[in-house]
Chemist: 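Dumping the structure here so I can ask a few things about it.
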Amino acid sequence: MVERLSAEARKSALKGLSGWAETPGREAIARIFVFKDFNEAFGFMSRAALVAEKNDHHPEWRNVYKTVEVVLATHDASGVTARDIELAKAMNAIASQFG
Ligand code: HBI
């Protein structure tokens, strides 16, 4: 079972996660990605989905046209864990491949 990060650990992990922030009122982290168009947004989601499946750790996300809103938390730990930080880093890397 992966360990829930303390508030302090969450804050320091976020320092290395460009664009991500804690969600108010819930132990989770979130980012809004904006792409050129739907095609790129969905391409991002397709690649991120494969990483999520490989890691058995899945995002809570919403796509409206070229925007993808992502919230990451570890349900099993009722908070943010290293798995969320890892997936956020992977998502940032995938997003950086798009224009
Ligand atoms: N994804 N975000 C998230 N949090 C989880 O606790 C989780 C998951 N994907 C699969 C998963 N847990 C499995 O290990 C089962 O616990 C559902």
Side-chain angles (χ1 to χ4, degrees):
M1 157 64 168
V2 64
E3 286 306 305
R4 175 187 158 280
L5 297 178
S6 66
E8 197 179 338
R10 278 197 307 274
K11 282 179 180 45
S12 61
L14 281 169
K15 287 198 183 77
L17 277 177
S18 168
W20 291 80
E22 292 197 77
T23 45
R26 177 187 173 193
E27 280 196 18
I29 57 173
R31 178 173 177 180
I32 296 178
F33 293 91
V34 181
F35 297 93
K36 188 165 58 72
D37 52 28
F38 174 77
N39 188 47
E40 292 213 349
F42 197 75
F44 164 80
M45 293 179 81
S46 304
R47 295 184 193 188
L50 293 178
V51 173
E53 194 56 13
K54 186 173 73 176
N55 296 348
D56 189 28
H57 194 72
H58 305 83
E60 299 162 29
W61 49 6
R62 179 170 183 265
N63 160 242
V64 177
Y65 182 52
K66 64 180 179 176
T67 300
V68 182
E69 299 169 20
V70 183
V71 175
L72 300 178
T74 302
H75 311 135
D76 295 349
S78 306
V80 177
T81 69
R83 292 189 174 186
D84 300 301
I85 306 304
E86 188 182 332
L87 183 53
K89 282 199 172 100
M91 285 183 159
N92 279 8
I94 292 166
S96 69
Q97 293 165 9
F98 290 87

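Remember, it's 1-based here, ligands and their atoms both numbered in the order they're listed. Source: prediction; values computed, not measured. One-based numbering along the sequence shown.
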Chemist: Evaluate the 4.0 Å heavy atom contact test for atom 17 (C) of ligand 1: does a protein atom fall under the cut-off?
Modeler: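 So far as the 4.0 Å threshold goes, atom 17 (C) of ligand 1 is out of reach of every protein heavy atom.
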Chemist: Decide whether Val70 and Phe98 are clustered together by the hydrophobic rule: side chain heavy atoms of Ile, Leu, Val, Met, Phe, Trp, Tyr closer than 4.5 Å, transitively.
Modeler: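 Yes, Val70 and Phe98 fall within the same hydrophobic cluster.
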Chemist: How far is atom 9 (N) of ligand 1 from its nearest protein heavy atom, and which residue and atom is that?
Modeler: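 Nearest neighbour among protein heavy atoms for atom 9 (N) of ligand 1, to 0.1 Å: His58 ND1, 2.9 Å.
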Chemist: Can you see which heavy atom on Ile29 is nearest to which on Ala88, and at what distance?
Modeler: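 Shortest heavy-atom contact: CD1-CB, 4.0 Å.
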Chemist: Can you find a pair of side-chain heavy atoms, one from His58 and one from Asp56, that are under 4.5 Å apart?
Modeler: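 SC-SC contact between His58 and Asp56 confirmed.
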Chemist: Tell me whether Ala73 reaches ligand 1 (any heavy atom closer than 4.0 angstrom to a ligand atom).
Modeler: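 Right, Ala73 reaches ligand 1.
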Chemist: For the 3.5 Å polar cut-off, considering only N or O atoms, please tell me whether Asp76 and ligand 1 meet it.
Modeler: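 Yes, there is a polar N/O contact under 3.5 Å.
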Chemist: What do you reckon, does Asp56 have a nitrogen or oxygen under 3.5 Å from a nitrogen or oxygen of ligand 1?
Modeler: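 The answer is yes, given that Asp56 and ligand 1 share an N or O pair closer than 3.5 Å.
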Chemist: Which ligand 1 atoms, with their elements, are less than 4.0 angstrom from a heavy-atom of Thr74?
Modeler: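 With Thr74 as reference, the close atoms of ligand 1 come out as 4 (N), 6 (O).
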Chemist: Return yes or no for this condition: an N or O of Arg83 is under 3.5 Å from an N or O of ligand 1.
Modeler: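 No - when backbone and side-chain N and O of Arg83 are compared with those of ligand 1, no distance drops under 3.5 Å.
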Chemist: So do Leu72 and Trp61 actually touch side chain to side chain, heavy atoms under 4.5 Å?
Modeler: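 Of all side-chain heavy-atom pairs linking Leu72 with Trp61, none is under 4.5 Å.
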Chemist: So which atom in Ile94 and which in Phe44 form the shortest heavy-atom distance, rounded to 0.1 Å?
Modeler: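 Smallest heavy-atom distance, with atoms named: CG2-CD1, 3.6 Å.
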Chemist: In this structure, are over 12 heavy atoms from other groups packed under 6.0 Å from Gln97 atom CD?
Modeler: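 Enclosed.
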